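None of the values given here were measured: they were computed from a predicted structure.
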Amino acid sequence: MELEILKQIWDEADESSTTKYDREKLWFLASQKSNDLINKMKRNLFVELTLVIISFCSVAVYYFIAFHGALSEVSWVYMTLCAFFIVYFIVKYRLLQKMQCFTCQVKSHLETQLVHLQKLVRFYLISGTAMIPILLIFFFWLLREKQLYINMMSREQIAYFIIYTTVITIFMWFINKWWVNKLYGRHIQRLRSMLKEMSEENM
């Protein structure tokens with residue numbers, strides 16, 4: 001049920017009949033709407049977790065087999081990253097579960113949990129983007145240590161590597177920001193806007 005319908009219910013109530021029951025009914029309807037948004041984020045979370053497990057494990061298996069296992073360190077790095085993101089997704093899922101607490105006061109409870117959720121999403125965006133240059137530098141170092149393809153590099157080649165890494169990182173920042181907003185950010189903003197407007201209507 002959209003916010004406009006909730007506001008209409010409030011407007012239709014006479015000042016004399018705006019009892020505790022009316023207010024509780026309004027916040028109950030608001031909680032139903034918030035649950036819809038939270039359920040969407042939970043579904044997105046499962047989709048993203050599945051993609052992470054499939055993609056990271058595929059890369060790990062590939063480097064365990066390819067090059068006669070000479071680059072197995074890459075596999076362990078990706079397995080570690082996969083475990084890190086699984087823990088992150090579990091934490092976020094538990095937070096979303098808490099946001100669906102029917103026995104809690106809807107407004108104060110949601111506001112508190114939204115702050116934690118926004119911090120988690122921001123951390124996810126930053127860490128997901130920081131992972132790009134870290135992995136590129138790791139690959140560069142590993143190939144040099146294994147003496148594969150990369151020997152001594154000139155200053156010009158190092159400058160090209162730095163520029164390439166910077167450009168890729170900036171590009172992935174905007175991609176990640178769009179992706180995170182699509183899956184979580186826009187739903188968080190709708191929840192925050194709904195709570196704000198409902199508070200204004202309740203004044």
Validation row, ring centre Phe89 to ring centre Phe46 under 6.0 Å: no
Note, Leu135 side chain near Leu81 side chain (heavy atom, < 4.5 Å): yes
Parallel, tilted or perpendicular: ring planes of Phe56 versus Tyr78, cut at 30 and 60 degrees: perpendicular
Criterion side-chain contact (heavy atoms from CB on, under 4.5 Å) against Met41, the qualifying member of Val121, Leu95, Leu183, Leu117: Leu117
Minimum side-chain heavy-atom gap Arg190-Lys40 below 4.5 Å: yes
Gap between atom CZ of Phe138 and atom CD1 of Ile134 - 0.5 Å precision: 11.5 Å
Interatomic spacing from CD1 in Ile65 to OG in Ser72 - rounded to 0.5 Å: 12.0 Å
Whether Phe123 and Tyr88 hold their rings parallel, tilted or perpendicular, with breakpoints at 30° and 60°: tilted
Flag, side chain of Arg192 to backbone of Ile188, donor-acceptor distance under 3.5 Å: no
Pairwise distance CG(Asn176) to OG1(Thr129) - rounded to 0.5 angstrom: 4.0 Å
Met172 atom CE, neighbour heavy-atom count above 12 within 6.0 Å: yes
Hphob cluster co-occupancy, Val61 + Ile53, side-chain heavy atoms under 4.5 angstrom: no
Spatial distance of atom CZ (Arg43) from atom CD1 (Ile38) [nearest 0.5 Å]: 12.0 Å
Check against side chain to side chain contact (heavy atoms under 4.5 Å, CB included), Glu48 and Trp179: CA-CA 10 Å; Glu48 195 173 18; Trp179 177 251; 3.1 Å; yes
Heavy-atom pair with the smallest gap, counting every atom of Gln97 and Lys42: OE1-NZ, 2.6 Å
Nearest heavy atoms of Leu96 and Leu45, plus distance in Å: CD1-CD2, 4.3 Å
Val52 with Trp178, same ILVMFWY side-chain cluster at under 4.5 Å: yes
Separation between CD1 of Ile126 and CE of Met131, rounded to the nearest 0.5 Å: 14.0 Å
Nearest-0.5 Å distance that lies between atom CE in Met99 and atom CG in Asn39: 11.0 Å
Cluster overlap Val77 with Phe64, hydrophobic side-chain contacts below 4.5 Å: no
Where Tyr63 and Val74 come nearest, the two heavy atoms and their spacing: CD1-CG1, 3.6 Å
Shared hydrophobic cluster for Trp76 and Tyr62 (ILVMFWY, side-chain gaps under 4.5 Å): no
Minimum heavy-atom distance Phe161-Leu136, with the two atoms named: CZ-O, 3.8 Å
Phe85 with Ile54, same ILVMFWY side-chain cluster at under 4.5 Å: no
Which atom of Thr169 lies closest to which atom of Thr165, heavy atoms considered: OG1-O, 2.7 Å
Pairwise side-chain contact, Trp173 with Leu125, heavy-atom cut-off 4.5 Å (strictly under): yes
Tyr160, OH atom: more than 12 neighbouring heavy atoms under 6.0 Å: no
Phe84, CZ: over 12 other non-hydrogen atoms inside 6.0 angstrom: yes
Distance-only polar pair, side chains of Gln189 and Tyr184, donor-acceptor under 3.5 Å: no
Least distance between heavy atoms, Val59 atom then Ser75 atom: O-OG, 4.4 Å
